[in-house]
Protein chains: 10
Amino acid sequence: MLFHVEMVVNLPHDMPANVADEIKARERQYAQDLQAQGKWRHLWRIAGSYANVSIFDVENNSELHELISRLPLFPYMDIMVRPLCRHPSSIRDDDR
Amino acid sequence: MLFHVEMVVNLPHDMPANVADEIKARERQYAQDLQAQGKWRHLWRIAGSYANVSIFDVENNSELHELISRLPLFPYMDIMVRPLCRHPSSIRDDDR
Amino acid sequence: MLFHVEMVVNLPHDMPANVADEIKARERQYAQDLQAQGKWRHLWRIAGSYANVSIFDVENNSELHELISRLPLFPYMDIMVRPLCRHPSSIRDDDR
Amino acid sequence: MLFHVEMVVNLPHDMPANVADEIKARERQYAQDLQAQGKWRHLWRIAGSYANVSIFDVENNSELHELISRLPLFPYMDIMVRPLCRHPSSIRDDDR
Amino acid sequence: MLFHVEMVVNLPHDMPANVADEIKARERQYAQDLQAQGKWRHLWRIAGSYANVSIFDVENNSELHELISRLPLFPYMDIMVRPLCRHPSSIRDDDR
Amino acid sequence: MLFHVEMVVNLPHDMPANVADEIKARERQYAQDLQAQGKWRHLWRIAGSYANVSIFDVENNSELHELISRLPLFPYMDIMVRPLCRHPSSIRDDDR
Amino acid sequence: MLFHVEMVVNLPHDMPANVADEIKARERQYAQDLQAQGKWRHLWRIAGSYANVSIFDVENNSELHELISRLPLFPYMDIMVRPLCRHPSSIRDDDR
Amino acid sequence: MLFHVEMVVNLPHDMPANVADEIKARERQYAQDLQAQGKWRHLWRIAGSYANVSIFDVENNSELHELISRLPLFPYMDIMVRPLCRHPSSIRDDDR
Amino acid sequence: MLFHVEMVVNLPHDMPANVADEIKARERQYAQDLQAQGKWRHLWRIAGSYANVSIFDVENNSELHELISRLPLFPYMDIMVRPLCRHPSSIRDDDR
Amino acid sequence: MLFHVEMVVNLPHDMPANVADEIKARERQYAQDLQAQGKWRHLWRIAGSYANVSIFDVENNSELHELISRLPLFPYMDIMVRPLCRHPSSIRDDDR
């Protein structure tokens with residue numbers, strides 16, 4: 001089941017660089033693990049901003065929340081979630 | 001080159017059903033042609049609304065505008081475009 | 001799986017009363033059928049407005065879209081969907 | 001009498017972890033007490049965000065304010081309240 | 001129990017003057033009846049706009065909705081409702 | 001002359017409790033003095049939020065500004081002012 | 001007593017030209033009369049839009065509403081009113 | 001003197017095609033004349049929408065308004081104007 | 001050439017009082033100098049808020065920016081600028 | 001390929017002046033280098049605000065993001081990007 005997720009990162013300006021770097025490194029590892037598992041299907045940068053558009057592929061709403069709320073950057077992001085489904089004009093039965 | 005495109009359809013309530021049906025049929029054919037050509041990479045319905053989220057894969061801004069402005073539903077849609085690029089945490093070199 | 005759905009009705013002022021009445025009657029029947037099936041778990045009026053807050057209980061995003069898009073009033077409503085899940089402070093395992 | 005309440009939590013990033021934990025523990029206890037009393041009828045997490053949608057069942061506006069303003073997280077939340085009433089298409093006389 | 005109600009009137013420009021006059025006459029009579037009953041405690045014009053701010057005094061949310069939804073201008077108004085209660089700094093126990 | 005005033009309080013989270021208490025105590029005294037003088041005609045809490053809706057009764061715009069800008073909480077509030085006048089459907093000549 | 005008034009004109013596209021011209025001619029006459037009386041102190045066009053910024057000089061809120069609501073274009077305008085008073089850094093005692 | 005102007009076109013859906021075509025043809029001619037005169041310095045399409053971003057080079061605010069308000073599409077556009085000036089980091093003294 | 005300028009002041013709550021007072025004193029002197037020169041034609045307080053509406057009379061956009069960006073409170077204000085010109089219904093040729 | 005980029009600068013009020021100056025000096029140098037290379041085609045100040053409107057001329061979305069995200073002020077700016085293309089009424093084939 002697919003969800004469209006937008007994330008905008010707002011790190012506090014007074015966060016020490018080494019703290020920010022450590023959080024970003026964990027975020028990267030976590031994001032790559034979820035991608036490798038097929039849970040985080042797509043991850044794109046929105047050009048010109050510290051933000052991404054993502055497609056998650058999960059069992060249900062609970063798994064979606066669990067995955068997102070464990071993001072190391074979760075406390076520092078504005079996140080918008082929208083449920084997706086197959087579009088009747090899609091040429092694919094299962095577009096992921 | 002990828003672009004994130006959201007389209008919200010607002011058909012006038014007084015459009016005759018046969019006119020609307022004819023436009024929708026052309027829209028469907030057009031959308032499927034672009035998908036077959038690989039120009040319209042993903043097309044998802046936003047659950048609960050008459051709207052979609054799409055990923056276009058085009059040569060440049062001009063081609064993007066040309067493809068979108070030829071949509072039969074173009075005069076009846078609110079359309080938002082955002083340029084995408086590779087995310088540094090993506091596990092793919094070319095995530096389409 | 002629960003979804004929070006808000007619906008605001010905007011009937012065109014020039015819709016003939018008998019047309020509006022017929023659509024509303026079908027909407028009512030449809031809503032009551034879905035409630036009887038347990039798909040439409042809660043349906044509340046927002047006091048002072050022609051709008052409702054609803055809780056849907058569906059298998060997945062696709063079923064949610066299918067149920068909502070078949071609403072007789074669907075072309076005349078602004079609809080906002082948000083996925084819900086269990087709150088960690090809830091005293092119920094399965095609050096529906 | 002039912003009210004629809006949305007709460008979005010915005011803890012200051014510089015709040016010490018032990019202070020935050022203590023507030024959250026009190027919040028949890030308070031929320032569970034109100035649920036046990038039937039005052040806080042439903043409590044759902046909005047998937048992907050640090051926010052909830054709740055249904056309160058109170059005697060009047062004053063009791064609603066009293067219950068909400070005593071939330072330990074009250075100073076750190078954006079809260080939106082909307083009064084609910086029975087929907088004419090509900091199949092229940094008293095949907096709580 | 002008090003509610004703060006704002007109403008903004010948007011009559012369609014193509015409504016015939018005699019139809020508009022008839023609706024406004026009924027609205028006026030209805031508003032004055034509710035004021036006489038004490039249900040519609042205050043009714044003020046917002047200077048410079050076709051809008052009002054009102055204070056309703058009702059038994060509960062249901063009565064509020066019933067009174068508002070029967071307004072002859074109801075289909076032509078944007079209405080915003082907010083529940084009120086006693087302010088701790090008020091010098092009155094029952095400020096109506 | 002009546003004005004509709006909404007005030008939303010946003011105290012900084014790092015304000016020491018005793019400083020906040022002192023400001024609130026002065027605010028309360030000031031608000032009660034103005035009410036006793038008849039300048040601050042109504043003061044209601046908006047249920048569920050740290051905000052109020054008020055009706056001021058003043059000689060002119062200057063007096064309104066003078067009264068509001070002297071509020072001890074003035075630097076910490078979002079304030080919206082709207083001028084009121086008699087509504088043609090009011091049953092009172094001088095509804096205060 | 002001064003008020004800052006912004007007016008944005010939205011004439012319906014299907015209004016016959018002669019009807020629009022007649023309304024505009026009356027609006028112009030009315031605006032010039034009020035300017036000659038000193039009630040409408042300033043009237044500026046916002047460059048690039050069918051809108052104006054105005055300063056009214058009236059006895060009270062009621063007179064302001066009376067003058068504005070009699071504008072021939074009143075049913076076709078979005079109007080925003082804000083009360084003004086002397087600025088403490090003004091070099092004039094009575095800046096009109 | 002430069003101004004940044006955004007124009008979004010909203011043609012009524014019920015405008016006959018020949019009327020729309022005639023207005024667009026006049027708009028095109030007018031736009032090209034102003035470009036040839038150097039008054040309309042830049043004219044770009046915003047990809048994916050029926051909108052443009054333009055740079056006008058005029059003597060003053062009055063000329064700007066005169067040029068914009070004579071656009072054949074003026075009654076059908078949302079227009080936003082912002083004054084520009086030299087940026088201190090520009091490498092050009094007169095960037096047009 | 002006239003510009004309509006709105007300024008909303010947002011001083012940081014942790015700015016020491018003597019620093020704020022010094023900035024405000026310089027702001028006042030600067031504003032009065034510009035008024036004396038005729039550059040800052042009108043300066044009004046918006047009743048009930050720490051904000052002003054102003055009319056500037058300058059040679060061009062560059063002078064406007066220069067005057068505004070030198071305001072001692074510039075870093076602490078939200079500022080909105082709109083170009084003005086003569087309104088065709090004005091009774092004055094040069095309304096300043 | 002052209003992009004329209006707006007940048008609004010929000011420096012934290014507690015940033016030491018020498019830190020801010022150093023960042024601004026690097027920003028200026030970087031901006032001038034990109035202009036000299038023809039990547040940053042236009043750079044205008046929006047009169048009255050600490051913001052600019054820019055036109056970038058890049059190979060693709062990735063280059064745009066790379067150039068923008070390396071701006072020394074990037075962490076302190078709100079940035080909005082819109083893709084541009086040739087307008088059909090432009091008199092230039094390649095308006096840069």
Side-chain angles (χ1 to χ4, degrees), chain G residues 1-9 21 23-58 60-61 64 71-73 77 80-96, chain I residues 1-9 21 23-58 60-61 64 71-73 77 80-96:
Chain G
M1 206 168 66
L2 301 184
F3 286 88
H4 184 273
V5 183
E6 294 179 52
M7 308 181 194
V8 182
V9 185
D21 288 346
I23 295 174
K24 289 180 202 170
R26 281 193 290 126
E27 177 87 6
R28 180 186 179 94
Q29 187 59 54
Y30 181 76
Q32 295 189 334
D33 289 350
L34 290 186
Q35 288 174 78
Q37 295 169 37
K39 296 292 186 188
W40 195 327
R41 281 292 300 138
H42 297 284
L43 168 58
W44 295 293
R45 174 67 79 211
I46 301 173
S49 64
Y50 194 3
N52 71 65
V53 165
S54 293
I55 305 293
F56 278 73
D57 186 358
V58 295
N60 50 42
N61 296 346
L64 177 72
L71 285 162
L73 283 170
M77 294 200 289
M80 186 172 72
V81 167
R82 286 183 288 184
L84 298 178
C85 57
R86 188 178 176 278
H87 192 285
S89 297
S90 175
I91 59 171
R92 293 178 184 84
D93 278 344
D94 186 21
D95 180 3
R96 292 164 195 260
Chain I
M1 205 167 68
L2 301 184
F3 286 88
H4 182 274
V5 183
E6 294 178 52
M7 307 181 196
V8 182
V9 185
D21 288 347
I23 295 174
K24 288 180 202 171
R26 283 194 289 125
E27 177 88 6
R28 182 189 179 92
Q29 186 59 53
Y30 180 79
Q32 294 189 336
D33 289 349
L34 291 186
Q35 289 174 77
Q37 296 169 35
K39 297 290 184 188
W40 195 327
R41 280 292 300 138
H42 297 284
L43 167 58
W44 294 293
R45 173 68 79 209
I46 302 173
S49 62
Y50 192 4
N52 71 66
V53 165
S54 292
I55 306 293
F56 277 74
D57 187 359
V58 294
N60 50 43
N61 295 347
L64 178 72
L71 285 162
L73 282 171
M77 295 200 288
M80 186 172 72
V81 167
R82 286 183 289 183
L84 298 178
C85 56
R86 188 178 177 277
H87 193 284
S89 297
S90 176
I91 58 171
R92 292 179 184 85
D93 279 342
D94 186 21
D95 182 1
R96 293 161 195 262

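Chain letters run A, B, ... following the sequence lines, proteins first and then strands; every chain starts at 1.
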Using non-hydrogen atoms only, which part of [X] is less than 4.5 Å away from chain G: side chain, backbone, both, or neither?
| X | value |
| --- | --- |
| I:Arg41 | both |
| I:His42 | both |
| I:Arg82 | side chain |

Side chain to side chain contact (heavy atoms under 4.5 Å, CB included) assessment of I:His87 paired with G:Arg28: CA-CA 10 Å; I:His87 193 284; G:Arg28 180 186 179 94; over 6 Å; no
Below 4.5 Å, heavy-atom pairs only: which of G:Gln32, G:Gln29, G:Lys24 has the largest tally toward chain I? G:Gln32
Please check: side-chain N/O of [X] versus main-chain N/O of [Y], any donor-acceptor pairing under 3.5 Å?
| X | Y | value |
| --- | --- | --- |
| G:Trp40 | I:Ser90 | no |
| I:Gln35 | G:Ile91 | yes |
| I:Trp44 | G:Asp95 | yes |

Distance from G:Asn52 atom CG to I:Cys85 atom SG, nearest 0.5 Å? 11.0 Å
What is the distance from atom CD1 of G:Ile46 to atom NE2 of I:His4, rounded to the nearest 0.5 Å?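 The distance works out to 7.0 Å.
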Looking only at non-hydrogen atoms, find the nearest pair between I:Glu6 and G:Glu6 and report the distance.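 Of all heavy-atom pairs spanning I:Glu6 and G:Glu6, the closest is OE2-OE2, 4.3 Å.
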